[in-house]
Amino acid sequence: MASQFFSRLNMAVPPIGATLGAAWTTVRSALPDSCVNSQPDEQLHFAKFGRKPNDTELSNLQSSGAGGSLQRVDSFGDDESCGGGEFGSSRHKISEWQAGWNVTNAIQGMFVVSLPYAVLHGGYWAITAMIGVAYICCYTGKILVDCLYVTNEEGQLVRVRDTYVSIAEECFGRRVGARIVNTAQLIELLMTCILYVVLCGDLMVGTFPDGAIDTRSWMMICGILLLPCSFLKNLHHVSTLSFWCTMAHVVINVMIMGYCLLQAATWGWSQVSLRINIFTFPISLGIIVFSYTSQIFLPALEGNMSDPSKFHCMLNWSHVAAAIFKSLFGYVGFLTWQATTQEVITNNLPTKGFKGVVNFILVVKALLSYPLPYYAALDLLERAFFKGRPDTTFPRMWALDGDLKVWGLALRVALVVFTTAMAISIPHFAILMGFIGSFTGTMLSFIWPCYFHLKLKGPTLDWGTVAYDCFVIFLGVLFGVIGIYYSFRALVEKFQIGLPF
């Protein structure tokens, strides 16, 4: 009888392996690596965002092989330092998944822990901004990469520029453009590194508030743990660290969201405001803009992708996922703690044990997030000062065998030490993040990509695209000016009160 029962059960229930296989096939059909196959004309859409319907700039692109991959021509020669964007050699190609891990690391990084704090000051307008800014930043990322390309006489899409700086040089002039954009990018990247170290110190002192080690000492310990970043050589290694950073991000989200859902009976639905506090909302807006800034990395990621036709799809999925998660996380986090919501949401967790575990995983995540902006900052400095004479003042950091010279390694270590020292001096995490987001974030993510798009692609754009680019520029200027003023005002007030250690 038992054997007959299990025999009938096996006939009625499909095999587990086959069921899981069919489910995975269904999921993969909607994920980024299948976008090109599911849309045969994706290569024609690539880098054509915002073009006129009758624009045939890409109509003569050739397909090669059964996959119909995009034929791209790089006009940089064989120099390994070219063709890969701001950082990373063209010899080290990455998949769309690895590119996605890096974008996710950039836009769903440690700054998510301050999103409930943004809702505290911005209410439903902050939640709306989390979705709207995601859409705008996804759009500006696409048009920024579009500016890297022109069409040659044969109708091929040619990548004539490989960095954000090279686009700026074309629009602002070689000397002025390079200096302005390099400075803005360095400020953004180094401040991101500094904020990661600041957050590590805040989390560790929140875990051990009565311990013998203070905030500054925790920051120095974290700085020591970050010293191995000095040995990073290519974007592939950074992508691996970004993957594990994303895994830590998932674990943290499940833990915090799970706790918040268990407290649903006490949620303060009426506490979410519909009004805007002009003194605090600009700080929230700056935090949100800063949390979506990935444009610095996009030319490099697209240039290093083995199949650049999947860039649009990768960018769409990463920003859609970020918008959904950030809005839910910020909203649910605020509903749980309401008016007592702190700058770093984990400090609201009730028990020392739970809070300690979450904070420790967040510290690991912050340490894994640090290499991406650090590596990009290193490459910017290397391109500006260490390409070798006569191109730059100083010689190359790399020996002929591909290893770092001793003095080059010392400079890399010095950069880690510098970011750690600055973190000790600038402790106010959320307000500083809002200030930087309002300053460099709006320039790099809103204003400059749209201006470059109008400058380089203007004759091919329809009036609707031109109007939208102008609208984004207006928003960037508005957010930037208001955010800088009120964030700086809040920073001054905090320093008048005194440092929090």
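- Rounded to the nearest 0.5 angstrom, S242 OG and N102 CG are separated by 4.0 Å.
- No side-chain N or O of W448 forms a donor-acceptor pair with one of Q295 less than 3.5 Å apart.
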Indicate every side-chain donor-acceptor pair of residues 410-420 with a distance under 3.5 Å to a residue at least two apart or in another chain.
residue	atom	partner	partner atom	Å
R412	NH1	S230	O	2.9
R412	NH1	L232	O	2.7
T419	OG1	Y370	OH	2.7
T419	OG1	L415	O	3.3
T419	OG1	V416	O	2.8
T420	OG1	V416	O	2.9

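- At a threshold of 4.5 Å between non-hydrogen side-chain atoms, the residues L372 and T192 do not count as touching.
- To the nearest 0.5 Å, atom CG of residue L144 and atom CG of residue L456 are 10.0 Å apart.
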F297 vs L189, side chain to side chain contact (heavy atoms under 4.5 Å, CB included): CA-CA, chis, key distance, verdict: CA-CA 10 Å; F297 313 109; L189 292 168; 3.7 Å; yes
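- No side-chain heavy atom of Y149 sits under 4.5 Å from any side-chain heavy atom of V160.
- Side-chain contact, H249 with N253: a donor N or O sits under 3.5 Å from an acceptor N or O.
- In Y124, the OH atom is crowded: over 12 heavy atoms of neighbouring residues, nucleotides or ligands sit closer than 6.0 Å.
- A 4.5 Å side-chain heavy-atom check between K457 and T465 finds every atom pair outside the cut-off.
- Residues V113 and L203 fail the side-chain proximity criterion, which asks for heavy atoms closer than 4.5 Å.
- With a 4.5 Å cut-off on side-chain heavy atoms, H236 and Q98 count as touching.
- Here the NE2 atom belonging to H319 is positioned 5.0 Å from the CG atom belonging to L315, to the nearest 0.5 angstrom.
- Smallest separation of non-hydrogen atoms from N105 and C245: OD1-SG, 3.6 Å.
- A donor-acceptor pair is defined here as one N or O able to donate and one able to accept, closer than 3.5 Å; no such pair exists between the side chain of S445 and the backbone of T442.
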CA sep, side-chain torsions, deciding dist, call: S306, I94, side chain to side chain contact (heavy atoms under 4.5 Å, CB included): CA-CA 6 Å; S306 56; I94 60 175; over 6 Å; no
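- Taking CG of N234 as the start and OH of Y375 as the end, the distance is 5.5 Å to the nearest 0.5 Å.
- Residues meeting the side-chain hydrogen bond (donor to acceptor under 3.5 Å, both in side chains) test with S217, sequence neighbours left out: D214.
- Residues C200 and L367 are in side-chain contact: their nearest non-hydrogen atoms beyond the backbone lie under 4.5 Å apart.
- Centroid-to-centroid, the aromatic rings of F446 and F474 stay 6.0 Å apart or farther.
- Contact between S327 and I131 at its shortest, heavy atoms only, is CB-CG1, 4.2 Å.
- Between R383 and K387 the shortest heavy-atom distance is O-CD, 3.1 Å.
- Proximity of a side-chain donor or acceptor of K93 to a complementary backbone N or O of G303 within less than 3.5 Å is detected.
- With hydrogens and angles ignored, the 3.5 Å screen pairs a side-chain donor or acceptor of W337 with a backbone N or O of N348.
- At least one donor-acceptor pair closer than 3.5 Å links the side chain of T163 to the backbone N or O of S166.
- The shortest side-chain heavy-atom distance between F452 and F172 falls under the 4.5 Å cut-off.
- At most 12 heavy atoms of other shown residues, nucleotides or ligands fall within 6.0 angstrom of atom NZ in K455.
- Once rounded to the nearest 0.5 Å, the distance linking OH of Y196 with CG of L368 reads 10.5 Å.
- The two residues K355 and T207 come nearest to each other via the heavy atoms O-OG1, 4.4 Å.
- The salt bridge (Lys or Arg N to Asp or Glu O under 4.0 Å) test with E302 singles out one residue from R159, K142, R161, K310, and that residue is R159.
- Of all heavy-atom pairs spanning P116 and F334, the tightest one is CB-N, 3.9 Å.
- Here the side chain of K326 pairs no donor or acceptor atom with the backbone of L115 at under 3.5 angstrom.
- In terms of heavy-atom proximity, A118 sits nearest to A126 at O-CB, 3.6 Å.
- Looking at heavy atoms from C-beta onward, C138 lies in side-chain contact with N316 at the 4.5 angstrom threshold.
- Other residues, nucleotides and ligands place no more than 12 heavy atoms under 6.0 Å from the CH2 atom of W125.
- Formation of a donor-acceptor pair under 3.5 Å by the Y485 side chain with backbone atoms of G480 is not found in this model.
- The aromatic ring centroids of W407 and F394 lie 6.0 Å or more from each other.
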What's the verdict on side chain to side chain contact (heavy atoms under 4.5 Å, CB included) for T341 and T336, showing C-alpha distance, side-chain angles and the deciding distance? CA-CA 8 Å; T341 301; T336 303; over 6 Å; no
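- To the nearest 0.5 Å, atom CD of residue E169 and atom CG of residue N182 are 8.0 Å apart.
- Counting only residues at least two apart or on different chains, the side chain to side chain donor-acceptor pair (under 3.5 Å) pairs with a member in residues 468-484 are Y139-D469, H453-D469.
- A donor-acceptor pair is defined here as one N or O able to donate and one able to accept, closer than 3.5 Å; such a pair exists between the side chain of N304 and the backbone of A300.
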Do C229 and Y374 pass the side chain to side chain contact (heavy atoms under 4.5 Å, CB included) test, and can you show the C-alpha distance, the side-chain angles, and the key distance before you say yes or no? CA-CA 8 Å; C229 293; Y374 170 79; 3.7 Å; yes
